[in-house]
Amino acid sequence: MANDIATTEIRGEVLNNSGVGGVCMMNSTWREEQHPSFISFISTFLRANSFRLNFVAIAPDFIFNCGGSSVAFIFVTKWDGTNVSPIFGRIQKLKMQFGHLYIVMTLSTKEQNDSFVRSYFTFQMELGKPTFIPARDVEMGFEKIVKIAHSFGVCKRQDAKTKLKSERKQTVQGRDFFLKVVTSIPGIDNHDANALNQAIGSIEDIAKASKEYVLENTDLSAEKADVIFRFFRDPKFYLGPKIN
């Protein structure tokens, strides 16, 4: 294998992470089964894509946490087709434990691919549960793993942004409604409405407040405090003004 950094750059697979990094947890036992140069490649590639690498005792080979989203992977780097029962038994077990599980298979030859296809149907795997991803070599396989984890993080972040925008929109709409209601009270302007909101709170709280409480907690005049008090209690007031 060529120099690790050079390999990463030549393949052109370094992601534009758009600020989305995260944590990669690698199975300690899986690590011991791999060639040191491949582990070095993994470390370099993760660092280039803003992921922190930890070696821990976990059930899958990898768990990525990216942007608040967790994805698990089984990475079969050596397929010989002679002892595949433990692999598929492990897959069946882990797919029940993880909501997002992917199986990456290194299948370098047609013979390996044919052997895998036979095994897939022999063990009666359900299509897409989990998803199997073939790769020509181990480097390509790991790059696909990082891309999948990265895409989950991006989607999670976009969902969070959408939710935040929606909440902000609701807040703005709620504030606009508040101002329309409170400024419909005769003599009350935007400054008075903001003062009432900050000192007392919601329209319901303002409706329950006494004249004395309004005077003590805002800079409104006694006349305005009396108008507010009467507005929420006297039909001559609350039936008169209209909200535009």
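All values derive from a computational prediction rather than experimental measurement.
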In this structure, would [X] and [Y] fall into the same cluster of hydrophobic residues linked by side-chain contacts under 4.5 Å?
| X | Y | result |
| --- | --- | --- |
| Leu196 | Leu215 | no |
| Met96 | Met125 | no |
| Val76 | Phe121 | yes |

Pairwise distance [atom1]([X]) to [atom2]([Y]) - rounded to 0.5 angstrom:
| X | Y | atom1 | atom2 | value |
| --- | --- | --- | --- | --- |
| Met105 | Asn113 | CE | CG | 10.0 Å |
| Phe55 | Thr29 | CZ | OG1 | 12.5 Å |
| Met26 | Leu53 | CE | CG | 5.0 Å |
| Ile58 | Ser28 | CD1 | OG | 8.0 Å |
| Arg52 | Met25 | CZ | CE | 9.5 Å |
| Phe73 | His100 | CZ | NE2 | 10.5 Å |

So, for [X] and [Y], which heavy atoms are closest and what is the spacing to 0.1 Å?
| X | Y | result |
| --- | --- | --- |
| Ala209 | Ile200 | CB-CD1, 4.3 Å |
| Thr218 | Ala199 | CG2-CB, 3.8 Å |
| Leu101 | Leu94 | CD2-C, 3.7 Å |
| Lys211 | Ala225 | CG-O, 3.7 Å |
| Leu220 | Ala195 | CD1-CB, 4.1 Å |

key: Val146/Lys144 under side chain to side chain contact (heavy atoms under 4.5 Å, CB included): CA gap, chis, key distance, verdict   = CA-CA 5 Å; Val146 175; Lys144 288 185 176 183; over 6 Å; no

key: Cation-pi, Phe229 ring and Arg233 (6.0 angstrom, 45 degrees)   =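 Judged by the rule (NZ or CZ under 6.0 Å from the ring centre, within 45° of its axis), Arg233 counts as positioned above Phe229.
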
Checking the side chain of [X] only, and the main-chain atoms of [Y] only, is there a donor and an acceptor separated by less than 3.5 Å?
| X | Y | value |
| --- | --- | --- |
| Thr122 | Arg118 | yes |
| Asn49 | Phe51 | no |
| Asp205 | Gly201 | no |
| Asn217 | Tyr213 | yes |

query = Among all residues two or more places apart in sequence or in another chain, which pass the ring-ring contact (aromatic ring centres under 6.0 Å, His included) test with Trp30?
reply = Phe62, Phe75

Note, [X] side chain near [Y] side chain (heavy atom, < 4.5 Å):
| X | Y | answer |
| --- | --- | --- |
| Ser70 | Phe64 | no |
| Asp189 | Thr183 | no |
| Phe231 | Pro186 | yes |
| Ile91 | Phe132 | yes |
| Val104 | Ile148 | no |
| Phe123 | Val84 | yes |

Aromatic centroids of Tyr120 and Phe88 separated by under 6.0 Å =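 No, ring centres 6.0 Å or more apart.
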
inquiry  = Under 4.0 Å between a side-chain nitrogen and a carboxylate oxygen: does that hold for Glu204 and Lys208?
reply    =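 Counted as a salt bridge, because a side-chain N and a carboxylate O are separated by less than 4.0 Å.
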
message = Ile206 vs Phe232, test: side chain to side chain contact (heavy atoms under 4.5 Å, CB included). Steps then yes/no.
response = CA-CA 9 Å; Ile206 295 170; Phe232 290 104; 3.9 Å; yes

remark   = Hits for salt bridge (Lys or Arg N to Asp or Glu O under 4.0 Å) against Glu223, two or more places apart or cross-chain, chain-then-number order -> none

Lys224: partners by salt bridge (Lys or Arg N to Asp or Glu O under 4.0 Å), with sequence neighbours left out =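 In terms of salt bridge (Lys or Arg N to Asp or Glu O under 4.0 Å), with neighbours along the sequence ignored, Lys224 is linked to Asp192.
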
key: Ile74 vs Tyr102, side chain to side chain contact (heavy atoms under 4.5 Å, CB included): CA-CA, chis, key distance, verdict   = CA-CA 6 Å; Ile74 293 176; Tyr102 290 83; over 6 Å; no

ask   = Tell me, which pairs form a side chain to side chain donor-acceptor pair (under 3.5 Å) where one or both residues lie in residues 81-94, sequence neighbours left out?
value =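 The answer is Asp61-Arg90, Asp80-Thr82, Gln92-Lys95.
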
task = For Glu126, check side chain to side chain contact (heavy atoms under 4.5 Å, CB included) against everything at least two apart and list the hits.
result =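 Listed in chain order: Lys129.
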
key: Counterpart residues, side-chain hydrogen bond (donor to acceptor under 3.5 Å, both in side chains), relative to Asp114 (two or more places apart)   = Lys110

request  = Would you check, one step at a time, whether the test side chain to side chain contact (heavy atoms under 4.5 Å, CB included) holds for Arg136 with Leu107?
outcome  = CA-CA 5 Å; Arg136 291 193 304 270; Leu107 304 171; over 6 Å; no

inquiry  = Evaluate Ser115 against Trp79 for side chain to side chain donor-acceptor pair (under 3.5 Å), listing each step before the verdict.
reply    = CA-CA 9 Å; Ser115 172; Trp79 178 272; 3.1 Å; yes

